[in-house]
Amino acid sequence: MHQVSILVRPLEYPASGQVRTGTLYQVRRPDAPSTGARPIVVVVHGLFAHRGLREIDLFCRQMADSFDVLAVDMRGHGEGPGAFTWGVRAQHALADLIVFLKILH
């Protein structure tokens, strides 16, 4: 039986003219396909949370057995740059992230 390990690393991506940092969770085992071969799940936390919360980390690690997982901080939360705008500019950051993920994955 193969041992499963989860590679957890920061990942920078552009979003609405700023560089943002996410956390990428990927399974590492001998029979796992290389990056880009598995579907990716993007985890966006709820209001007033951040990607560093223990619950989000545990959720991402569990999902990483089946998917590559990217956890991101939204504007004004955690390491998300800029002021919180009650969602007024969130769609721009998510649209930029989708473009980046298409290139990455």
Side-chain angles (χ1 to χ4, degrees):
M1 183 168 248
H2 299 290
Q3 174 133 8
V4 175
S5 63
I6 305 295
L7 174 66
V8 180
R9 65 182 173 97
L11 177 72
E12 290 186 344
Y13 65 95
S16 299
Q18 298 178 323
V19 174
R20 294 180 183 263
T21 303
T23 303
L24 184 63
Y25 297 77
Q26 295 174 301
V27 69
R28 287 290 152 244
R29 62 179 175 224
D31 62 340
S34 62
T35 300
R38 297 178 349 140
I40 189 163
V41 171
V42 178
V43 175
V44 180
H45 56 72
L47 192 59
F48 305 120
H50 59 88
R51 74 178 198 276
L53 290 175
R54 186 177 65 92
E55 295 85 353
I56 292 175
D57 179 66
L58 290 172
F59 175 77
C60 292
R61 288 174 185 274
Q62 291 172 350
M63 294 290 291
D65 193 42
S66 300
F67 307 95
D68 289 345
V69 181
L70 177 62
V72 298
D73 279 330
M74 295 305 295
R75 181 182 186 90
H77 293 81
E79 294 180 356
F84 177 60
T85 63
W86 292 98
V88 173
R89 296 188 182 149
Q91 71 274 16
H92 301 295
L94 288 175
D96 291 343
L97 176 58
I98 290 168
V99 169
F100 173 75
L101 288 174
K102 287 180 180 179
I103 294 167
L104 174 71
H105 243 345

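Predicted model only: the values in this text are computed from it and were never measured.
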Contact check, side chains of Asp57 and Arg51, non-hydrogen atoms, under 4.5 Å: no

hydrophobic_cluster_shared for Ile56 and Leu7, side chain cutoff 4.5 Å: no

Expected output: side-chain Arg38 to main-chain Ala64 donor-acceptor under 3.5 Å: yes

Min side-chain heavy-atom separation Met63-Tyr25 under 4.5 Å: no

Within-4.5 Å side-chain heavy-atom neighbours: Val43 and Leu70: no

Gln26 side, atom CD; Phe67 side, atom CZ - distance, nearest 0.5 Å: 14.0 Å

Any side-chain heavy-atom pair of Leu11 and Thr23 under 4.5 Å: no

From CA spacing to verdict: side chain to side chain contact (heavy atoms under 4.5 Å, CB included), Leu24, Val69: CA-CA 6 Å; Leu24 184 63; Val69 181; over 6 Å; no

Sub-4.5 Å side-chain heavy-atom contact between Asp68 and Val41: no

